[in-house]
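Each residue takes its place number in the sequence, starting with 1.
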Amino acid sequence: MHPRWPPAAARYAIGMNPSILLSKRAQGLTSSAIREILKVTERPEVISFAGGLPSPATFPVERMREATLKVLADAPQAALQYGPTEGYTPLREWIAAHLTRKGAAVGPGQVLVVTGSQQGLDLLGKCLIDEGSKVLVETPSYLGALQSFSLFQPAFASMPSDGQGIDTDALTPELLAGGRFMYCLPNFQNPTGRRLPLQRRQALVEKAAAAGVPVVEDDPYGELSYDGETLPSLLSLNPQGGIYMGSFSKILAPGLRLGYVVAPEPLFAKLVQAKQAADLHTPSFSQRIVHETIKDGFLDAHVPTIRDLYGRQCQYMLDALERHFPAEAQWTRPEGGMFIWVTLPAGIDTGRLLAKAVEQNVAFVPGAPFFAGPPQANTLRLSFVTVPQEKIEAGIGKLGALVRAEIEALPKAA
């Protein structure tokens with residue numbers, strides 16, 4: 001045996017080439033539960049409440065076509081050339097001004113443009129997590145973040161949560177001690193749809209600061225409040241400066257793969273270096289198109305149309321749940337965003353329920369993968385923004401009947 005080869009049980013051959021050995025990190029990689037489910041939903045007959053996809057009806061196609069043509073007419077060589085790692089300067093200035101108007105004192109020098117928020121999570125993991133680092137996450141938390149952070153082998157610590165989000169009374173010094181950072185989505189969280197109240201936001205920031213734990217605020221849904229009312233960001237409440245992540249995926253289009261990270265020095269410099277090693281820079285072309293699209297206040301008129309559509313879609317599903325789900329089921333009633341979180345009686349495994357639902361051409365996401373700690377297998381996530389009203393009614397009707405059957409099959413108390 002070659003002296004550098006690992007034991008046979010740990011060896012992974014690629015194809016027919018036994019000399020290609022996967023790293024331990026690669027061996028630990030797993031597929032996204034949602035991405036695997038989405039393969040099923042490609043069938044046209046499937047009513048899918050699974051994917052967290054923005055509605056294509058909200059994509060500003062004509063506006064972006066005009067912006068693309070203008071970029072190619074005004075600065076074609078620069079748009080198609082390499083650019084600075086930090087991002088296109090006018091876009092960074094726009095982002096900083098936008099966040100400052102919302103109450104956070106942000107300068108362009110703090111803004112790093114990334115290739116989708118998912119890259120932001122990866123860069124933060126590379127810069128902040130060592131093997132065994134304590135990372136505090138919500139219960140449940142965003143699956144994409146758990147998947148990204150897990151690559152760096154942290155020790156996750158789950159922060160107790162309730163219907164309003166993180167229970168800040170439970171953020172004891174013992175729980176926070178030694179935390180490398182705290183990751184949270186205070187606005188219309190994925191997967192639950194809940195929004196952290198102002199009082200809890202203030203308490204969270206204060207307790208994290210007292211414990212010396214940085215807060216990573218992931219905010220892709222903050223603009224999607226159905227009534228347009230917003231709460232202060234954790235960044236704006238944090239006098240020491242926090243870490244903030246934003247995205248254009250939910251307010252323009254996810255295919256652009258354009259997000260941003262706001263970070264203080266010296267973390268910002270390290271994030272830039274990590275991005276240089278990953279992809280040099282986010283595409284110049286898409287950055288310029290987005291800036292051209294939004295620079296004159298377009299979002300002020302565009303985002304309310306998204307809020308209105310999503311609010312109506314959410315109400316369709318809430319009404320359908322009231323009609324078709326049994327009284328034993330509970331669910332969140334979001335004030336914004338894209339998701340409803342359902343909790344079924346203990347003893348029901350929504351992973352098994354999904355298999356039965358798919359047989360009836362209905363799909364959702366089981367809740368277990370969203371937990372860093374012990375999973376709650378009786379939970380599930382529903383996404384409503386891409387499903388027409390009549391299909392919401394039909395799909396929830398089928399799912400409700402399956403849930404009733406599962407409840408009836410539970411062992412009866414003696």
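A donor-acceptor pair under 3.5 Å is formed between the side chain of R201 and the backbone N or O of L196. Panel note: side chain Y88, backbone G83; no donor-acceptor pair is recorded below 3.5 Å. Of the possible polar contacts, one joining the K134 side chain to the A177 backbone as a donor-acceptor pair under 3.5 Å is found. Looking only at distances, a side-chain donor or acceptor of S247 sits under 3.5 Å from a matching main-chain atom of S249. When atom types are taken as modelled, the side chain of S161 and the backbone of M159 share a donor-acceptor pair closer than 3.5 angstrom. Between the side chain of S236 and the main chain of P232, no donor-acceptor pair closer than 3.5 Å is present. In this structure, the side chain of Q189 does not engage the main chain of P186 through any donor-acceptor pair within 3.5 Å. Using a distance-only test at 3.5 Å, with no hydrogens or angles considered, no donor-acceptor pair links the side chain of H98 to the main chain of E93. Under a 3.5 Å cut-off, the side chain of T139 and the backbone N or O of S158 do not form any donor-acceptor pair. A donor-acceptor distance shorter than 3.5 angstrom exists from the side chain of S150 to the backbone of L146, with no hydrogens or angles considered.
Put simply, the side chain of C314 reaches to within 4.5 Å of the side chain of Y226, judged on heavy atoms. For the pair F248/I294, a side-chain contact is recorded, criterion being any heavy-atom separation below 4.5 Å from C-beta on. Taking 4.5 Å as the limit, some side-chain heavy atom of I129 sits within range of a side-chain heavy atom of F181. Residues Q313 and I392 are in side-chain contact: their nearest non-hydrogen atoms beyond the backbone lie under 4.5 Å apart. Between L175 and L136 there is a side-chain heavy-atom pair separated by less than 4.5 Å. At least one side-chain heavy atom of I166 sits less than 4.5 Å from a side-chain heavy atom of C184. Within the 4.5 Å cutoff, side-chain heavy atoms of Q287 are placed close to those of V113. Side-chain contact check for M182 versus V216: every heavy-atom pair is 4.5 Å or farther apart.
Listed by first then second residue, pairs satisfying side-chain hydrogen bond (donor to acceptor under 3.5 Å, both in side chains) with a partner in residues 122-133 read D122-K126, D130-R180, S133-R180, not counting sequence neighbours. Applying the ring-ring contact (aromatic ring centres under 6.0 Å, His included) test to every pair with at least one member in residues 151-172, sequence neighbours left out, gives no pairs at all. Among residue pairs with one or both ends in residues 398-407, those qualifying as side-chain hydrogen bond (donor to acceptor under 3.5 Å, both in side chains) are K356-E406; sequence neighbours excluded. For residues 259-273, the pairs satisfying side-chain hydrogen bond (donor to acceptor under 3.5 Å, both in side chains) are K270-Q273, with sequence neighbours left out.
Ion pair K275/D279 flagged as a salt bridge, since at least one NZ, NE, NH1 or NH2 atom sits closer than 4.0 Å to an Asp/Glu carboxylate oxygen. Between D162 and R200 a salt bridge is recorded (basic side-chain N to carboxylate O distance below 4.0 Å). The pair R333-E322 counts as a salt bridge, with a side-chain nitrogen and a carboxylate oxygen less than 4.0 angstrom apart.
With rounding to the nearest 0.5 angstrom, the CG atom of D349 is 8.5 Å from the CG atom of L353. How far CD1 of I306 is from CE of M338: 10.0 Å, rounded to the nearest 0.5 Å. Within the model, atoms CG of L234 and CG of N187 stand 8.0 Å from one another, a figure rounded to the nearest 0.5 Å. Distance CD/E393 to CG/D319: 9.0 Å, rounded to 0.5 Å. A distance of 6.0 Å separates CZ in F49 from CD1 in I47, rounded to the nearest 0.5 Å.
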Decide yes or no on side chain to side chain contact (heavy atoms under 4.5 Å, CB included) for L235 and V106, but give the supporting numbers first.
CA-CA 9 Å; L235 181 65; V106 175; 3.8 Å; yes
Evaluate side chain to side chain contact (heavy atoms under 4.5 Å, CB included) for L267 paired with L128, printing each intermediate quantity in order.
CA-CA 9 Å; L267 175 59; L128 296 177; 4.0 Å; yes
Going through the distances and angles, do L399 and L382 end up as a side chain to side chain contact (heavy atoms under 4.5 Å, CB included)?
CA-CA 11 Å; L399 194 54; L382 300 172; 4.0 Å; yes
How far apart are the C-alpha atoms of T58 and T305, what are their side-chain angles, what is the distance that settles it, and do they pass the side chain to side chain contact (heavy atoms under 4.5 Å, CB included) test?
CA-CA 8 Å; T58 67; T305 67; 5.9 Å; no
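Dense packing is recorded around CD of E390, with more than 12 heavy atoms of other residues, nucleotides or ligands lying under 6.0 Å away. Atom NZ of K102 is surrounded by more than 12 heavy atoms from other residues, nucleotides or ligands within 6.0 Å.
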Distance-only check: which donor-acceptor pairs under 3.5 Å involve side-chain atoms of residues 373-380, not counting sequence neighbours?
| unit_1 | atom_1 | unit_2 | atom_2 | d |
| --- | --- | --- | --- | --- |
| N378 | ND2 | L344 | O | 2.5 |
| T379 | OG1 | Q376 | O | 2.7 |

If you look only at distance, which donor and acceptor atoms sit under 3.5 Å apart when one is on a side chain in residues 358-369 and the other is two or more places apart or in another chain?
| unit_1 | atom_1 | unit_2 | atom_2 | d |
| --- | --- | --- | --- | --- |
| N361 | OD1 | R43 | NH2 | 3.1 |

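Shown here are the ring-ring contact (aromatic ring centres under 6.0 Å, His included) partners of F384, two or more places apart in sequence or in another chain: there are none. For the ring-ring contact (aromatic ring centres under 6.0 Å, His included) test, no residue two or more places apart in sequence or in another chain qualifies with F188. In this view, S383 and F339, V385 satisfy the side-chain contact (heavy atoms from CB on, under 4.5 Å) rule, not counting sequence neighbours. Legend: residues meeting ring-ring contact (aromatic ring centres under 6.0 Å, His included) with F59, ordered by chain and number and at least two apart, are absent. Residues satisfying the side-chain hydrogen bond (donor to acceptor under 3.5 Å, both in side chains) test with D227, not counting sequence neighbours, are S225. Judged as a side-chain hydrogen bond (donor to acceptor under 3.5 Å, both in side chains), and not counting sequence neighbours, R63 has no contacts.
If you check the side chains of E86 and H281, you find no donor sitting under 3.5 Å from an acceptor. There is no side-chain donor-acceptor pair under 3.5 Å between Y142 and D218. At a cut-off of 3.5 Å, with distance as the only test, no side-chain donor of N238 or E217 sits close to an acceptor on the other residue. Between T115 and T282, the side chains place a donor N or O and an acceptor N or O closer than 3.5 Å (distance only, hydrogens not considered). A donor-acceptor pair shorter than 3.5 Å can be found between the side chains of R194 and T192.
Between F371 and W341, the two ring planes are tilted [angle within 30° to 60°].
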